[in-house]
Each structure stands twice: as C-alpha cells, then as structure tokens.
Amino acid sequence: MKHLRREQALTAVTRERFVLTRTVIVALLAGVALLALFGPADAAAAERPWQRLPAASALLDGAQPTVTGLTLELPLVSDDGAAVALTVAADRPVDVIHLFATRNPAPEIAVFRFLDAQVHPRVATRVRLNESQQVIALARTADGHWLATSREIRITVSGCLARADAPGADAEMTPRVRAPSRLGRGETAELLAMITHPMETGLREAADGTRVTRRLVSRFELSLADTPLFKAELYAAVSANPFLRLQWAPTTPGELQLRWVEDGGREALDRSDITLR
Amino acid sequence: MTRTPIDRRQALRWLGGAGAASLLAACGGRAPEASAGTGNTASRGARVVVIGGGFGGATAARYLKRLDPGLHVTLLEPAERFYTCPFTNLYLGGLREFESLGHDYQQLRRLGVNVVHALAEDVDPVGHSVTLAGGERLPYDRLILSPGIDIRWDALEGYDRAAAELAPHAWKAGAQTHRLKRQLEAMEDGGTFVLVAPANPFRCPPGPYERVSQIAHYFKTHKPRSKILLLDAKDAFSKQGLFMDGWRELYGDMIEWVGLSGDGRVVRVDADRLEVETEFGTLHRADVLNVVPPQRAGFIAERAGVTDASGWVPVNPRDFSSAQVEDVYVIGDATEAAPMPKSGFCANAQGKVVAFAAAASLAGDPAPEPVWANTCYSVIGPDYGITVAGVYRVIDGQIAEVPGSGGVSPRGADAGFRRREARYAAAWYQAICEDTWGTVV
Amino acid sequence: MTPSPAPRMPAIGLLLSSLLIVGGPASAQSPEDHSTPPALLAAACANCHGSDGRGAWPIASIAGRPYTELLRQLTAYRNGESLDDATVMPRLMAGYSATEIETLARWFSSLPVTPETAAETTP
Ligand SMILES: Cc1cc2nc3c(=O)[nH]c(=O)nc-3n(C[C@H](O)[C@H](O)[C@H](O)COP(=O)(O)OP(=O)(O)OC[C@H]3O[C@@H](n4cnc5c(N)ncnc54)[C@H](O)[C@@H]3O)c2cc1C
C-alpha cells in the first residue's frame, strides 16, 4: 500500500495563487471565536482526542504528551474499513506504542513493544475501522515521557464484519515471512510477517443467527539469536490475516524466530537464519 | 467557432417540451410565458469552461447548454474522437468492435457548445482563467474539471512509461488497449495472462474482474489451454461473489485470483522479463502482462490546486464544488466521492448535478438538492451480465448510499436473469453515450 | 391531482425557478421528501433510459407512457416487486420517496414519445 505523500499536499497549498475558500475562512473565524470563548488552554485541551478517550487517558494518567515526534500514516478516506493500511513511526527510540480507534466497538487496536534497538520504532499494519473516526497513537520513551498523535479518517463502507471467504480452518495459522537472509551488519531492512487467521471479533453473526465466538491471534513475538526484539499485542481491530511490516537493523547473526499465539493458546512458529556480512 | 442560436422553444424542450409547459401551468398555476422572454437574465452571457470531454465533462457541457442556452460553454478536450473505457473489455473479449466505442463532438457543437480540441495546461484560480497548451488564455466565471485519471508512474517499482509499452495498463482507451489486444492475439495457446490489480481507490472497481472475464471468454473460444492469474492488492473486490460464481460457471478453473492475504500484492514489475514480484517475494512469470497501476486525479487538478495529499480531489458533496478553490467544480474519477464509485455512470450523474449547481450559482442561487444513481454493469460472458446499483444522496453532510436501496444482482439467479443483464448492458451503453455526447451508436 | 400553489422563490434564474415550480406538488414537503428539482431527479434516469426518456431496446422507452401506468410500475419496483423483465429497477427505486416517484411518473408521461423537433440533431 502506498502511503500518502505529505510533500504533495504542501506543494498544493503553498502555491502562491492558492485561494482560501469561504469555508476555510469561516472555519478560521470559528477557531478564533472558540479561542475567545474558552481561552487558549481550554481550546487546545478540547482538541486532544487522547484526553477524551478513557482508554487512552487512563494510560497517560495525567501526563502531558509531546505532540511532535510521533506520526501516523493513514489514508484520508478508505472505501474498505476491513483493511486500512496504517503506519506508525517515532523519530526517537521508544519502549512502546499504543494504537486506539475512538469509535470502534472496543478502542484498542494494538500495542507494539520495542525490546531492543535493533528494531526501529516504525510499524505498518492493517486495521479494521468500523466507521469514520480518529485513530490515536501514544508512545512512551525509556524515561517515561509520552508522545501522542491522532489522525481523522473517513470510512465509507464498514469493515467490522469478517469476509464471506475466510480462509479454511486447515489453512489457518500459516505464516508468511519476508526477511533478508543476508545483509550488512547494522544495515536497515524490512521485515514482513503475515499469518492466515480470521481474527473473529466475537461480534459477527453466523448464517444461523448465532454469534461466532471471538478468536484472535493476540500475541506476536520476534527474537534474533535468543534476544527478544519486538512484541505485539493484537486486538479485534487488527484485520484478518494480521500483517506487520517492521524496520530493523540486525547487529548479531543467528536464528530469527517469529511466534504467533492465538488467545486459545495455539501457536505458529517461523524460523530462519540471518547471516551478516 | 460557429454557434447555433438556441431559441426559447428549445429551452422549453429541456423542460420536457410542450408537456412540461402545460405541466408548469397546471402545477405552478403560472403561465409558461412568465418564465420565458429573456431567458436566464442573471447568468446571461456567463462563461463556463469545462476541462475534459469524457463522461463527466461532456455531460456537464451538454446539460448546461440544455439548461440555459444563454451560457457560453467551452469544452476543452484534446481528442477529436473520444473512445470510452466502458466496453473496451468487450473489445478484448471479441464481443465488440473498437470503432463502436468512439464518439465525436458534433452533437455538442450543434447544441452550441464551443468545443476546443486543446489540452488545458494550467489554471489560474485567482485570475479565473485557463491556459491552453498553445499559450492562449481562456477566462471563466465557473470552471468544471473532469480530467479523469493519470497513472502514478512513481508508485510501483519498475512500472514506468517504458514498461507500459511492454506490459500495458490499457486503463485509458486507445493505443494501450490495442497493444494488449495484439499481445493476447499473439500469445500461444497454453500461455498465462497475468493481471495486476491495484488497491482502492482506482478507476472502475469492477473493471479488472470484468477484464479477466472477457479475456477468459477469448481464451475459451480461441486458446482454451491458457490460464489467467489475477494478482490483487485487495482482499475483497466489487461484486466478488457474483464474479467468482460466473467464472466457475463459464470458465471452470481458468481464472485464479490471489488476494492480499494470499500474497497477491505486487511490489515490483520487471516488464522486460514479463515478471512480477509480490510483497512476500513470490515471482510470477507471464506471457501477457497487464498491470493496472495506482492512479490519481488528472494533472490539471493539481495545477488548479484542488487536490489533497492523496492525489484526489475533495469536493463539497452537495454541488461537487472544490473544497479548496472557489468557482471550480470537479467531477468524475478525479474526485473523492466514495461511496460513489469511479464509474462513467457516476461521472455522468455528477455532470448533471454540477450543471444544475453551476447554473444556479451563476444566477446567485443555492445549488439544488442532489440525487445520484449508479449502475455498474459487468459482462462476464456474451449472455452473462451482473450489476451493482446504488442511489446516493447527501445525508448528514456527506455522500451516502440511501439505506435499503442498491446492491448487487442476486446470487444464484437463473440464466434468463443473467442474459437480460447482458442485454441491458448493451442498451445502457447506447443510452449513456447519447446522454453524454448526444451520439447515437 | 390538486395543484398546489407555487412556492415563493427568491430571485433565481428563470429557467431554474420554473424547474422548481414544476415540482410544485413534490415540494409540498412530507418528512421524507427532498427538494430535488424534477428535471434533475429525472436526469438520473437518462443514464439508461436516454436524455428524453427514449431507451434503447430492451431498456424501456418511458417517454409519453401514461402517468398511471408509470406510477403503478415504479411504485411496484419501490415495493420490491420485480415486474416484467426488470433486474436493477427494484434496487434503484428503493432509493426514492413516493412523492419523488409521482414526480418522475408525471415528468416522463409528459415527454413526447418521438423526438418532437430535431432541434439538436440538425444544425
Ligand atoms: C477497462 C475499463 C472498463 C470500464 N467500464 C465501465 C463501465 O462498464 N461502466 C462505467 O460506468 N464505467 C466504466 N469504466 C470507468 C469509466 O471509464 C470512468 O469512470 C469514466 O471515464 C470517468 O469519467 P471522467 O469524466 O472522470 O474521465 P474520462 O472519461 O477519462 O474523461 C477525461 C477526459 O479529460 C481529458 N483531459 C484530461 N486532462 C485534460 C486537460 N488538461 N485538458 C483537456 N482535457 C483533458 C482527457 O483527454 C479525457 O478525454 C471503465 C473503466 C475502465 C478502465
């Protein structure tokens, strides 16, 4: 999936002959009016979606996050809420990134834990978004400082009901991995991982009207030469056939292990050898 | 440029001819004379420039002129004959002659539209003018853009203009379509045709699936041992169940579809070797390779400042005016109009809504409440058609499908139903071309 | 049909205002009604049935068909009945209100069955 290119937007809006439309002016005036009504602090607070979402504000526990340094890439509009491409990235080392959706049946999307500097804080995945809403990312650095960002997305077709053509039970939990087997020490590369799984939300009705039991691949773990590098906790808002694209720069050769764990305990493991030049 | 004088009689014809005139009296209690005379005074002589003579632009120009003959409507379109993408798949399948898909601008000229065969190169939204490729500047009071799509040549590794000569996209009708047709004809029986389908949004959501259906028809009748592989960047596609039923019924296992979670997303094209590589590193070799690449709004939209970071154009739902630039309307594939699909049908429907909105705006009035309909026909085999339909309105400030309306043809319908939809598709093509260019096929 | 009084319009392009006035009864609003002018409402049908309601076989020509017949047929579609050989019509008509269907039936019944003059086709 191609990511939005911000440069383009900038060139479009900085064209000298670009005109402000009435709507924009009205919006600006409204903004001024808001400021006048609430004062700058309140108006700013009213804007922060992570303060309004209980799951996110509980995590922050009163901390004031920095609003720069963390970026979320999402399409502005998606025709298919069942699999929306999402990339989250921090411009500095972080321990953990939490993703939330403000208007899904449950707010949690995923938690990414960066356990070793060999994995960079940049993760792409595919998520389910039930309707138009905000997606929130919160990241915590090693010294306990928080970064936050959010993005508005418009969904035109709801994606929360799983597809008719789910993989057959025998094809479930089949991993697919793409990792370079040979690369230079400290060289940055991509690591792709996907596993076939319906990610049953527990909200879907079967043909006979009964609820399909919730069943998720809820954990993913990555290690190299017995060193844990990265872990993810996945919730129902992660699309069927969970997909992760990581950025890493391995510094030690050895066995690469990827492990997926279903919430019932079923596991899948993928092993390969990484050699470094 | 010659312009045919249009009289009031013709204007009334647009209102529904004599019938409408009497209706006017019956329902409005007002004699038609009350609304005749000078015609549309407020907008008299106003200049509307339309860029793009395809489904959206030609419709907008035609309806503006029918609505208010006093308007000066200029249509900019480089091609003297427009070939429609709709039904090019049937041409590939051998069910249609290419020439039957061409339309000229004679009828629009007769209606008084000033058709100029030139490329618009730039737009000055402050000075309200369009610059043509030759340097000439055209002033406008309202500008309507319907430039369709451009290919994003930088979006798929290895797929540039040179690659498209070897592995055509055929996503614009013309030389590319012929190239693909010739390659299919030259392919030996037993070969593999690979189609690479993009992620949403793109022109004509059912298009890639209709295309493989038609190519399967061609193979079945001429090269029955051949195979078709469809590599897709999506896990679900338009009318999926119906297409797959149709493929099984008509073509057995000739067509294999690989979706996103089956590693169907192509990340690199090697056009010289007719080879593609997927996300997880699988290589597929083709005998004929058709790449439908990622797209964006036609370049003039960006020059006019109406595109956003996605490369498409956000519009105000009610009248398809640009959300970013005043006095500019944008319609058709270039826009973000989801849930309305990027179809010729929708471009035509939006063209009408914009004709009414622009005419109202020139008269100082608000745009009327819009309604749009869409029916995408896909022809899977000569006697096998399927549809997806929708009625759209502005609901809570956004374009939305009217709840309870629309949907796809029933699964498991009988052969008669499928045959009728194939026949209707041909009649639809005739009607929409008449409604867009005034041409009779 | 009882004619309803013409709604008062602000200054508006004459042709446009007459379009709105043609919709007199339709603009006697019921909650589910929309104020789409009849000509624009009908334009959505042109895509398959031709600009002047004369479709190409086998799509029906609807220009000049009796009002009651059109009304009955469109209403049946709206109620989900698949009359004759229709395939998409029930899916489409489900998106229109009863009043709009009346407006459409009136509009198409008032159109000439054959092109009245050849104004557009002869220079
Ligand atoms: C294979 C295929 C099959 C399809 N089948 C169907 C179908 O069955 N039904 C359906 O409804 N839709 C179908 N479509 C989709 C349909 O072709 C498009 O949705 C439709 O053409 C969009 O109309 P438009 O006006 O936005 O663009 P277009 O019809 O592409 O028109 C744009 C025009 O603008 C001109 N232009 C661009 N830039 C400039 C400029 N700067 N100056 C002057 N002129 C310019 C171009 O030359 C072009 O003629 C199909 C598409 C494909 C590819």
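Every chain is numbered from 1 and lettered A, B, ... according to where its sequence line falls, protein lines coming before strand lines.
- The NZ atom of B/K352 sits 4.5 Å away from atom CG of C/N47, with the distance rounded to the nearest 0.5 Å.
- A salt bridge between B/R419 and C/D85 is absent, with no side-chain N of the basic residue lying under 4.0 Å from a carboxylate O of the acidic one.
- For B/Y377, the part lying under 4.5 angstrom from a heavy atom of chain C is the side chain only.
- Across B/V408, B/T436, B/T59, the residue that shares the most heavy-atom pairs under 4.5 angstrom with chain C is B/V408.
- When atom types are taken as modelled, the side chain of C/T36 and the backbone of B/E369 share a donor-acceptor pair closer than 3.5 angstrom.
- Put simply, of C/A86, C/A56, C/G80, the one with the most heavy-atom pairs under 4.5 Å next to chain B is C/A56.
- Between C/V88 and B/E421, the closest side-chain pair of non-hydrogen atoms falls below 4.5 Å.
- In this structure, chain B has no heavy atom under 4.5 Å from any part of C/A42.
- Both the backbone and the side chain of B/R423 come within contact range of chain C, judged by heavy atoms closer than 4.5 Å.
- Listed here is the closest heavy atom pair of C/G95 and B/V391: O-CG1, 3.9 Å.
- Nearest heavy atom pair, residue B/P368 against residue C/L40, reads CG-CD2, 4.0 Å.
- Taking 4.5 Å as the limit, some side-chain heavy atom of B/T387 sits within range of a side-chain heavy atom of C/R91.
- Across C/L92 and B/A389, no two heavy atoms sit closer than the pair CD2-CB, 3.9 Å.
- The candidate from B/A349, B/G416, B/G407 with the greatest count of non-hydrogen atom pairs under 4.5 Å with chain C is B/G407.
- Side-chain contact between B/F345 and C/C48 is present, with at least one heavy-atom pair separated by less than 4.5 Å.
- Put simply, of B/Y392, B/Y424, B/W428, the one with the most heavy-atom pairs under 4.5 Å next to chain C is B/Y424.
- Chain B forms more heavy-atom pairs under 4.5 Å with one residue of C/G50, C/A94, C/A46 than with any other, namely C/A46.
- How far CD of B/Q430 is from CH2 of C/W57: 11.5 Å, rounded to the nearest 0.5 Å.
- Contact tally against chain C (heavy-atom pairs below 4.5 Å) for B/T375, B/I432, B/V353: the top residue is B/I432.
- To the nearest 0.5 Å, atom CZ of residue B/F417 and atom OG1 of residue C/T87 are 5.0 Å apart.
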